[in-house]
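Inspection log for the structure reproduced underneath, given as structure tokens.
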Number of protein chains: 2
Amino acid sequence: MKPNEPVLPSRQIADDLREEIASGQLPPGFKLPAVRVLAARYGVTQGPVLKALAALKAEGLVNAIHGSGVYVREAHPVRRLGPDRYARHHWQATTVEARVDGRADSPAVIQQGGQSQDVRLTEADERTAAALGIEVGAPVYERARVMTRDDTPTHTMTSYYRQADVEGTPLVDARPGIAGRSGGFQVLTDQGLPPHQITEDLAARMPTADEALLLELPAGEPVVELHRVTRTADGRPIEYARGIHAASRFAWSYTFEIPD
Amino acid sequence: MKPNEPVLPSRQIADDLREEIASGQLPPGFKLPAVRVLAARYGVTQGPVLKALAALKAEGLVNAIHGSGVYVREAHPVRRLGPDRYARHHWQATTVEARVDGRADSPAVIQQGGQSQDVRLTEADERTAAALGIEVGAPVYERARVMTRDDTPTHTMTSYYRQADVEGTPLVDARPGIAGRSGGFQVLTDQGLPPHQITEDLAARMPTADEALLLELPAGEPVVELHRVTRTADGRPIEYARGIHAASRFAWSYTFEIPD
DNA sequence: TAGTGGTCTAGACCACTTC
DNA sequence: AAGTGGTCTAGACCACTAA
């Protein structure tokens, strides 16, 4: 028993607001009372109120816009990622066309979301080398993408390929729209390296400052780091990719048989 | 260009400490200078220093112990979870014995970690019912466990079974140690319901207050919520489980073939 | 320009740990 | 008892937003 739990104002304020948000009394998009108003209501100074709001921001419940107000956050739909997203019929037929119109929001490209692309030749770091079965420092093509949905970034995905595997293909054409959205698999197939098997490694953590900025993450939103190694039927690695996902926007699903 | 980025003391302090931790200058377990010392060093009051420390705590980099000091957090070893952990040879042979000695730390049971167990008969909620293919409110056995490693809890795992599937088996014996560690699969096999296929759904988020308390999570540590449905070879669901994992202690790995 | 979120000072006070 | 993290007051000030 803790009979004399002291009532911390900042804690009380946070709890009250959390409750009002959960109950729908403060619906998404709703503007909270001003800091000074809340302070007066609870008979405290600004400090504790700001502390309470910081906690709610850390929980991703509210979103403060500087000179404007504090708003209840809109809930984002969760996208469920299963093996189906790699299904052959998604990319098999898709001839890789050169969309050189440059419109980043070209409907054919974005398909429920856009992406930027940045291709460069670089050297394999330790993990990339291990995944692709090459030596550290060997030349690899890096294809960095930032995926967007509803005009806000949802995740990054940076792929690495052995230089020889993709040299001269549309994949290493830096123009935006080229080989977007799984086009990579089609290109590899054209190169005689059809993808067959995928290994995905997942881990969750808090974002670095850079990641939080890039993905426009609210304070207190974790990320999921995903590492993917794609291999041909005979086990040869052809792509290593690592992505950072805003955790609240995704769920992963895997089905497998129990091994012996 | 932002030439005149103002230097916020709290930001500066956090950045400096973060850098010193990353560089190993402040190794894990090391005690940081006292709040008042840092304040004097930077020529500020306690406020900004506490704010900086709050940020580091939120990132999981440091751990404050009240009257004692602020310490650089120890890194825990990461356990990699692949399908192998369900392999038959792990539980097939393991005859389910009744370990009624009551010693929770009996070596045969803990096997690199302990677990508590709590069994009760309850009613299926919506998700459980959907997973097990039964009606909402139907009776199910709930087997709640808290897994421990190095004397600190790492994750919870709560399984649900149709009442008829496990009635009278060691699984529903609440005595600790009974049917621990995957013993559930052996029991189901004995019941003529050998597990064959598993579907796992994962999502990451910040913990609720309850979860943070139960798992002794430091501020700023996310959790991974895992839902598992186990089925027999003919697709009949026999177990639904949901677990909460301390994110920093696990990584998940899945390998699958690209579908058509 | 008025109202907003946000940072900060200077100091008081409390709770906890360590010696 | 001394030192620690942590919350709070009262008020100043700044940066941003909206009308």
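Order of the sequence lines sets the chain letters (A, B, ...), proteins ahead of strands, with each chain counted from 1.
- Between B/Val223 and B/Glu211, the closest side-chain pair of non-hydrogen atoms falls below 4.5 Å.
- The nearest whole Å value for the distance from the CZ atom in B/Arg11 to the C1' atom in C/dC8 is 17 Å.
- Close to D/dT7, at under 4.0 Å from its OP1 or OP2, lies a side-chain N or O of A/Lys51.
- We find that NE2 of A/His66 is positioned 7 Å from P of D/dC16, with the value rounded to whole Å.
- Under the 3.5 Å distance criterion, with hydrogens and angles disregarded, no donor-acceptor pair is assigned to the side chains of B/Asp125 and B/Tyr160.
- Atom CG of A/Leu53 is separated from atom P of C/dT7 by 11 Å (rounded to the nearest Å).
- When the P atom of C/dC8 is taken as reference, atom OH of B/Tyr42 falls 13 Å away, rounded to whole Å.
- The distance between atom CG of A/Asn63 and atom C1' of C/dG6, rounded to the nearest whole Å, is 15 Å.
- Residue contacts for B/Lys57: at a heavy-atom cut-off of 4.0 Å it reaches the sugar-phosphate backbone alone, with no base atom in range.
- The residues B/Arg205 and A/Glu59 are annotated as not salt-bridged, no charged nitrogen and carboxylate oxygen being separated by less than 4.0 angstrom.
- With C/dA10, D/dA15, D/dT7 as the choices, the nucleotide that has an atom nearest any side-chain atom of B/Thr45 turns out to be C/dA10.
- Residue B/Gly67 is the one, among A/Tyr71 and B/Gly67, whose nearest nucleotide of DNA chain D lies closer to the 5' end (criterion: closest heavy atom).
- Nearest heavy atom pair, residue B/Pro153 against residue B/Val146, reads CB-CG1, 4.0 Å.
- Set against C/dT7, D/dG5, C/dT4, the side chain of B/Val70 has D/dG5 as its closest nucleotide.
- When atom types are taken as modelled, the side chain of A/Arg11 and the backbone of A/Leu8 share no donor-acceptor pair closer than 3.5 angstrom.
- Checking D/dG6, D/dT9, C/dG6 against every side-chain atom of A/Leu50, the shortest atom distance belongs to C/dG6.
- Evaluation of atom-type donor-acceptor distances gives a pair under 3.5 Å for the side chain of A/Arg36 against the base of C/dG6.
- For the pair B/Leu38 CG and D/dG3 P, the computed distance is 17 Å after rounding to whole Å.
- Distance from the side chain of B/Ala34 is smallest for D/dG5 among the nucleotides C/dT4, D/dG5, C/dT7.
- Heavy atoms of B/Ser68 sit under 4.0 angstrom from primed sugar atoms or phosphate atoms, though from no base atom.
- When the C1' atom of D/dT9 is taken as reference, atom CD of B/Gln46 falls 14 Å away, rounded to whole Å.
- Counting any heavy atom pair closer than 4.0 Å across all strands shown, B/Gly69 reaches sugar-phosphate atoms only and no base atom.
- Atom NZ of B/Lys31 and atom C1' of D/dT4 are 7 Å apart (whole Å).
- Of the two residues contacting DNA chain C, namely B/Pro48 and A/Ala64, the nearest-nucleotide position lying further toward the 5' end is that of A/Ala64.
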